[in-house]
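To keep things clear, I will list the structure first and then write my remarks on it.
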Number of protein chains: 2
Amino acid sequence: MPTLQDVAKLAGVSSATVSRTFNNPELVDFATRSKVTAAIRKSGYTRNETARSLATRSSRTVGILTDTFVSNYFAPILEGASKLLGQYGYYATVAATEHNLSDAESTDSQIRAWRSLIDRQVESIIMLAFMESADLAHLAKEFPKSIVIGTSIDADQHQCITFDHYIGGRLAAEHLLKNGHHNIVMITGPTHKQDSVQRGQGFIDKLKEHDIQLGINQIFIGDYTFQGGRNAMRKIIESGQNPTAVFAQNDDMALGVASECYNAGIAVPKDTSIVGFDNSNLSTVMSPPLTTIDQPLMLMSRAAATLALNISYGRAHQTPLENPQTHFIPTLIERDSVANIRT
Amino acid sequence: MPTLQDVAKLAGVSSATVSRTFNNPELVDFATRSKVTAAIRKSGYTRNETARSLATRSSRTVGILTDTFVSNYFAPILEGASKLLGQYGYYATVAATEHNLSDAESTDSQIRAWRSLIDRQVESIIMLAFMESADLAHLAKEFPKSIVIGTSIDADQHQCITFDHYIGGRLAAEHLLKNGHHNIVMITGPTHKQDSVQRGQGFIDKLKEHDIQLGINQIFIGDYTFQGGRNAMRKIIESGQNPTAVFAQNDDMALGVASECYNAGIAVPKDTSIVGFDNSNLSTVMSPPLTTIDQPLMLMSRAAATLALNISYGRAHQTPLENPQTHFIPTLIERDSVANIRT
DNA sequence: GTTGCCAATGAAAGCGCTTACATTGTATAG
DNA sequence: CTATACAATGTAAGCGCTTTCATTGGCAAC
């Protein structure tokens, strides 16, 4: 690998001049500039970003912390953030923790992944909401240049891109109500996740306003996975409640529910209606297409990336980008998985 | 951010000693070692990987080149490779090109992403098969420490993790034949992709051996997307051929086919059977579950990562890992989307 | 008491860049 | 013609580490 020095020698100039033709071409004479570019081409030189980062104390890199790449929820966020960053000449590097471990190991692995980002001198970290808010808050406190996306951690201290899960829950309930449903069950996400409890609370509250109590028997604990949704639906069927509608707190589970319905010969939405949450890729791909709550992950991830960029711009005394929207409100996307059973 | 020097001063030793307690603790006396670790903890020191990389000329990082994070095919590969690398203390960094561009722009963006990996001093690059083999080959020639996964580029020169798409195609045909299907159509992937032509060729060849010719009217060009599968199925329906089986060259399209069947009131598999390809997450999630050809992406990606590790180990005169399997053979996974129509 | 060896540490160079500062040459003003 | 300014370039220090080589002191052997 040729270095700046090699190029400089080849072009008969000093390495400073070569560096300048890269970073401040306006400072170098046209004639020498072309000598240099010729030498660069000839030697096949490629800049060593590592050395550049060290010298300038800026990596032009933002880290993203996630626990997996295989997720209908996280993947679009990675995509959105990394592409936007790329457009501004920044680089996104994502660290994935090892999951499927015991609690202690998994916390350990989360910290390792997080440290690896910091060690790599990322200029900020976008944290996806895959762990408990308290843990996120803890990390964000250690490393203030953090941005949390999808959940909020105790307020003003830190930057968050938030989404109103509570209203989402209400919207789901409202839609079911409007279509005449009373006998309703809900499948939750992991109980320790804030977003899940908010979605649930919104749903329950709205129902309660219409004098429908969602009791312990109408609430099934899920885990945001297809299989989880499936298991829950099996239990629902076994319970003999014959609900006319089920609210699954995310689309993966909604698909699981639909799948179990299919197996049991239950027609969707004729026999039972389903509403999901997230409006992920899955929702348009299901048959019937899923009525769900839209969470604009692309916008949110781009907003997070913009915040990240502004952290870096701030340090470099560059003029910041326009501040993005940081709080997002859900909307209901009506498709074909909810039947109107009004008499 | 405290530096090694700061820690050294705090502990009353030289920076060399601090460095050694990190990298060669056996060389430093127990007493000083504990002084140093105390100082590290106290100062909140975290190592600067950038500086370390520069000094050691090794980044402990392997790059992965892809075009998107949102893919049932690529995501598991990212997952598998990055987790394995992580287990060995290496770091995977993935560069995603911007897609949805014109051809010229997209080539440009691919090269930019690729360069950004090289500039970051990755020790090898794992390239996913999202572009034409010729382009992959071209890049691999420029940067010999490349590993291609999912397709083969002209042989022995370069390292590849390959999969026998041709046999996969044959397997699909064989299964359909065995179940009594004669009136068959096929939906291909993008015609410029090697894997797609191989899948198609295997399918056609096997059929031909049983005196079934797949003519131009029975072959529909798809693009490996859900929507592509859907469109193709619509055309198939409109064509009035009423095939008893359709072979979709990947699972995304198979799902599209199923979806269109649903809309048209065609029962799967009673009215028409479907076989997919890849055995992606989608295939177990569909109703009915999809009969498909398994491509063991986890194994393949781990094999690619192992190869990558060995490249680095080679440079560092470390003892290499056991060489992984590099060629993978498909198997057919029988689920419920193919009906036996033997009389 | 020398000598030699080895374990533990420090001094300093160097990885490939950037950048403040110094230097040079030339155009412009007086 | 000298003084001044400025554009173009070079010199060299330094970013935070690693690592070679030198130094030191203790201990075993003689």
Side-chain angles (χ1 to χ4, degrees), chain A residues 1-37 39-40 43-61 89 115-116 118-123 315-317, chain B residues 1-37 39-40 43-61 89 115-116 118-123 315-317:
Chain A
M1 283 278 101
T3 71
L4 253 206
Q5 286 290 352
D6 300 335
V7 175
K9 211 164 295 170
L10 223 169
V13 299
S14 76
S15 64
T17 300
V18 180
S19 174
R20 274 190 283 256
T21 86
F22 264 98
N23 305 310
N24 302 91
E26 71 279 8
L27 293 185
V28 13
D29 189 71
F30 180 77
T32 52
R33 207 180 344 180
S34 44
K35 271 194 304 184
V36 170
T37 46
I40 289 172
S43 62
Y45 171 78
T46 79
R47 166 207 232 118
N48 183 328
E49 263 298 324
T50 303
R52 205 200 67 88
S53 295
L54 184 59
T56 60
R57 294 180 255 341
S58 91
S59 61
R60 289 197 203 157
T61 300
R115 282 281 296 246
S116 85
I118 295 177
D119 290 353
R120 280 184 163 67
Q121 309 299 112
V122 297
E123 298 185 5
R315 288 206 321 159
H317 305 293
Chain B
M1 285 277 102
T3 71
L4 254 205
Q5 287 291 352
D6 300 335
V7 175
K9 212 163 293 169
L10 224 170
V13 298
S14 76
S15 63
T17 300
V18 180
S19 174
R20 276 190 282 257
T21 85
F22 264 98
N23 305 309
N24 302 90
E26 69 279 6
L27 293 184
V28 13
D29 189 70
F30 180 78
T32 51
R33 204 176 352 178
S34 45
K35 270 194 305 185
V36 170
T37 47
I40 289 172
S43 62
Y45 170 79
T46 79
R47 161 205 238 125
N48 183 329
E49 264 297 322
T50 302
R52 204 199 67 87
S53 295
L54 184 59
T56 60
R57 293 177 260 339
S58 90
S59 61
R60 289 197 204 157
T61 300
R115 284 282 295 246
S116 84
I118 295 177
D119 289 354
R120 279 183 165 69
Q121 309 299 112
V122 297
E123 299 184 5
R315 287 204 323 157
H317 306 293

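Sequence lines set the chain letters: A, B, ... in the order given, protein chains first and strands last, and positions in each chain run from 1.
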(message) Tell me every residue that passes side chain to side chain donor-acceptor pair (under 3.5 Å) with R20(A), counting only those two or more places apart in sequence or in another chain.
(response) none
(message) Can you list everything that forms a salt bridge (Lys or Arg N to Asp or Glu O under 4.0 Å) with R60(A)? Sequence neighbours excluded, please.
(response) none
(message) Among residues at least two apart in sequence or on other chains, which ones pass side chain to side chain donor-acceptor pair (under 3.5 Å) with E123(A)?
(response) S312(A)
(message) So, using side-chain contact (heavy atoms from CB on, under 4.5 Å) as the criterion, who are the partners of T46(A) when residues are at least two apart?
(response) M1(A), R115(B), I118(B), D119(B)
(request) Report the C-alpha separation of V36(B) and V28(B) in whole Å, then their side-chain angles, then the decisive distance to 0.1 Å, and conclude whether the side chain to side chain contact (heavy atoms under 4.5 Å, CB included) test is met. (result) CA-CA 10 Å; V36(B) 170; V28(B) 13; 5.8 Å; no
(request) Just jot down the side chain to side chain donor-acceptor pair (under 3.5 Å) partners of S53(A), sequence neighbours excluded, or say none. (result) none
(request) Report the residues that fulfil side-chain contact (heavy atoms from CB on, under 4.5 Å) with S43(B), sequence neighbours left out, ordered by chain and then residue number. (result) P2(B), V7(B), L10(B), Y45(B)
(request) Would you tell me if any nitrogen or oxygen in the side chain of S19(B) comes within less than 4.0 Å of OP1 or OP2 on dC17(D)? (result) no
(message) For a quick test of reading the model, state the closest non-hydrogen atom pair linking R120(A) to T50(B) and the distance between them.
(response) O-OG1, 4.1 Å
(message) Applying side chain to side chain contact (heavy atoms under 4.5 Å, CB included) to S59(A) and E49(A), what does each step give before you reach the verdict?
(response) CA-CA 8 Å; S59(A) 61; E49(A) 263 298 324; over 6 Å; no
(request) List in chain and number order the residues that pass side chain to side chain donor-acceptor pair (under 3.5 Å) with R47(B), two or more places apart in sequence or in another chain; answer none if no residue qualifies. (result) N23(B)
(message) What's the separation between atom CZ in F30(B) and atom OG1 in T32(B), rounded to the nearest 0.5 Å?
(response) 9.5 Å
(request) Could you check how far CD1 of I40(B) sits from P of dC17(D), rounded to whole Å? (result) 10 Å
(request) Evaluate the side-chain proximity of T61(A) to Q121(A): yes if any heavy-atom separation is below 4.5 Å, no if none is. (result) no
Are there any protein N/O atoms within less than 3.5 Å of an N/O atom in nucleotides 6-10 of chain D, and if so, which ones and at what distance?
{"unit_1": "dT9(D)", "atom_1": "OP1", "unit_2": "T32(A)", "atom_2": "OG1", "d": "3.3"}
{"unit_1": "dT9(D)", "atom_1": "OP2", "unit_2": "D29(A)", "atom_2": "N", "d": "2.8"}
{"unit_1": "dT9(D)", "atom_1": "OP2", "unit_2": "T32(A)", "atom_2": "OG1", "d": "3.1"}
{"unit_1": "dG10(D)", "atom_1": "OP2", "unit_2": "S14(A)", "atom_2": "N", "d": "2.8"}
{"unit_1": "dG10(D)", "atom_1": "OP2", "unit_2": "S14(A)", "atom_2": "OG", "d": "3.1"}
{"unit_1": "dG10(D)", "atom_1": "OP2", "unit_2": "T17(A)", "atom_2": "OG1", "d": "2.6"}
{"unit_1": "dG10(D)", "atom_1": "N7", "unit_2": "R20(A)", "atom_2": "NH2", "d": "2.7"}
{"unit_1": "dG10(D)", "atom_1": "O6", "unit_2": "R20(A)", "atom_2": "NH1", "d": "3.3"}

(message) Would you compute the distance between atom NZ of K9(A) and atom OG of S15(A) and round it to the nearest 0.5 angstrom?
(response) 10.0 Å
(request) Assign F22(B) to base, sugar-phosphate, or nothing according to its heavy-atom contacts below 4.0 angstrom with the strands shown. (result) nothing
(message) Expressed as a whole number of angstroms, how long is the span from L4(A):CG to dA12(D):P?
(response) 18 Å
(message) Can you give me the first and the last nucleotide of DNA chain C (5' to 3') that has an atom within less than 4.0 angstrom of a non-hydrogen atom in chain A?
(response) dG16(C) to dA20(C)
(message) Could you report the tightest heavy-atom contact between S14(B) and A8(B), atom names first, then the distance?
(response) C-CB, 3.7 Å
What nitrogen or oxygen pairs link the protein and nucleotides 26-28 of chain D at under 3.5 Å?
none

(request) Taking only heavy atoms on the protein side, list every residue of residues 46-54 of chain A lying under 4.0 Å from any atom of DNA chain C, sorted numerically. (result) R47(A), N48(A), A51(A), R52(A)
(request) Find the bend of the helix from dG1(C)-dC30(D) to dG30(C)-dC1(D) as the angle between its two terminal axes (five pairs each), to the nearest 10°. (result) 50°
(message) Can you tell me how far apart NZ (K35(B)) and CG (D29(B)) are? Round to the nearest 0.5 Å.
(response) 9.0 Å
(message) How many whole angstroms separate atom CD of Q121(B) from atom C1' of dC17(D)?
(response) 15 Å
